[in-house]
Amino acid sequence: MTDRSQPHTVQVHTTTTTNRFDTGVGYTSTGTNRYSDNKGPSTSQVIAVITGLPVGGTLLALAGLALAGTLLALAVTTPLFILFSPVLVPATIVVGLSVAGFLTSGACGLTGLSSFSWVMNYIRQTHGTVPEQLDMAKHRMADVAGYVGQKTKEAGQKTKEVGQEIQNKAQESKRT
């Protein structure tokens, strides 16, 4: 059981919406023409329909013709492929590997050229700042060399101390 000492409130926000199931075609849910304000579709919409329908129809017809031609060619050449398969299969493999080799060569060449182009552009962009970068690198190297020298000196000192300790223990063990 929950304690309901605090009253619960519900807020209702009303909004005016158009028909949620509006298909976007020329009439609204009230049955009025959507284009009644501007007397029809815009000029750009008319031009889109006038150019889109013939282009789309032509491309669809060409796709159908290409499919029909491909199916007809496949039906005619299938018996030839079966008869000459002992020769065609190795030839297809050789041609396929050759094409793969040329494509790989081209891809590697393009990758190399684009890498070279990127490096050249990078060098051109940083050309003015090279002396500053060299000075900064020299200072960083000097700092690193000083740090390494200090650590080496500390390690040598510690090694010397450990060596002295070992020598002292060895002398003590000889005495006892």
Side-chain angles (χ1 to χ4, degrees), residues 1-140:
M1 202 91 171
T2 60
D3 182 24
R4 295 197 182 237
S5 60
Q6 296 286 335
H8 293 277
T9 58
V10 177
Q11 294 181 353
V12 178
H13 299 282
T14 60
T15 58
T16 55
T17 60
T18 58
N19 186 4
R20 288 178 38 183
F21 304 106
D22 187 13
T23 59
V25 187
Y27 293 95
T28 62
S29 62
T30 59
T32 59
N33 187 350
R34 175 181 305 197
Y35 304 115
S36 61
D37 295 346
N38 57 6
K39 306 291 186 214
S42 68
T43 307
S44 63
Q45 290 172 333
V46 171
I47 291 173
V49 169
I50 288 173
T51 57
L53 283 178
V55 169
T58 303
L59 290 174
L60 190 59
L62 286 174
L65 286 173
L67 178 64
T70 302
L71 290 176
L72 181 66
L74 187 61
V76 169
T77 57
T78 299
L80 292 174
F81 283 149
I82 292 172
L83 287 174
F84 296 110
S85 65
V87 174
L88 291 178
V89 170
T92 304
I93 291 172
V94 167
V95 169
L97 290 175
S98 299
V99 168
F102 282 121
L103 290 176
T104 302
S105 171
C108 289
L110 282 174
T111 303
L113 284 175
S114 65
S115 298
F116 182 69
S117 172
W118 180 85
V119 167
M120 292 304 294
N121 286 334
Y122 183 76
I123 289 172
R124 285 184 194 143
Q125 290 173 356
T126 61
H127 181 48
T129 62
V130 169
E132 295 169 5
Q133 289 177 351
L134 285 175
D135 287 340
M136 185 182 295
K138 286 179 185 176
H139 289 296
R140 290 168 91 188

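Residue indices begin at 1 and follow the sequence shown.
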Minimum heavy-atom separation for Thr51 to Ala48, with atom names? OG1-O, 3.4 Å
Name of the residue among Leu53, Thr58, Leu59 meeting side chain to side chain contact (heavy atoms under 4.5 Å, CB included) with Val55: Leu59
State which residue, out of Thr43, Val49, Ile50, fulfils the side chain to side chain contact (heavy atoms under 4.5 Å, CB included) condition with Ile47. Thr43
Can you list the residues that meet the side-chain hydrogen bond (donor to acceptor under 3.5 Å, both in side chains) rule with Ser117, with sequence neighbours excluded? none
Between Val46 and Pro41 the two heavy atoms that sit nearest each other are CG2-CG, 4.1 Å
Identify each donor-acceptor pair in which a side-chain atom of residues 65-78 lies under 3.5 Å from a protein atom, sequence neighbours left out, and give them as a table.
unit_1: Thr70; atom_1: OG1; unit_2: Ala66; atom_2: O; d: 2.7
unit_1: Thr77; atom_1: OG1; unit_2: Ala73; atom_2: O; d: 2.7
unit_1: Thr78; atom_1: OG1; unit_2: Leu74; atom_2: O; d: 2.4

Acceptor/donor pairs from residues 87-109 side chains to any protein atom, 3.5 angstrom cut, sequence neighbours excluded:
unit_1: Thr92; atom_1: OG1; unit_2: Leu88; atom_2: O; d: 2.6
unit_1: Ser98; atom_1: OG; unit_2: Val94; atom_2: O; d: 2.9
unit_1: Thr104; atom_1: OG1; unit_2: Ala100; atom_2: O; d: 2.8

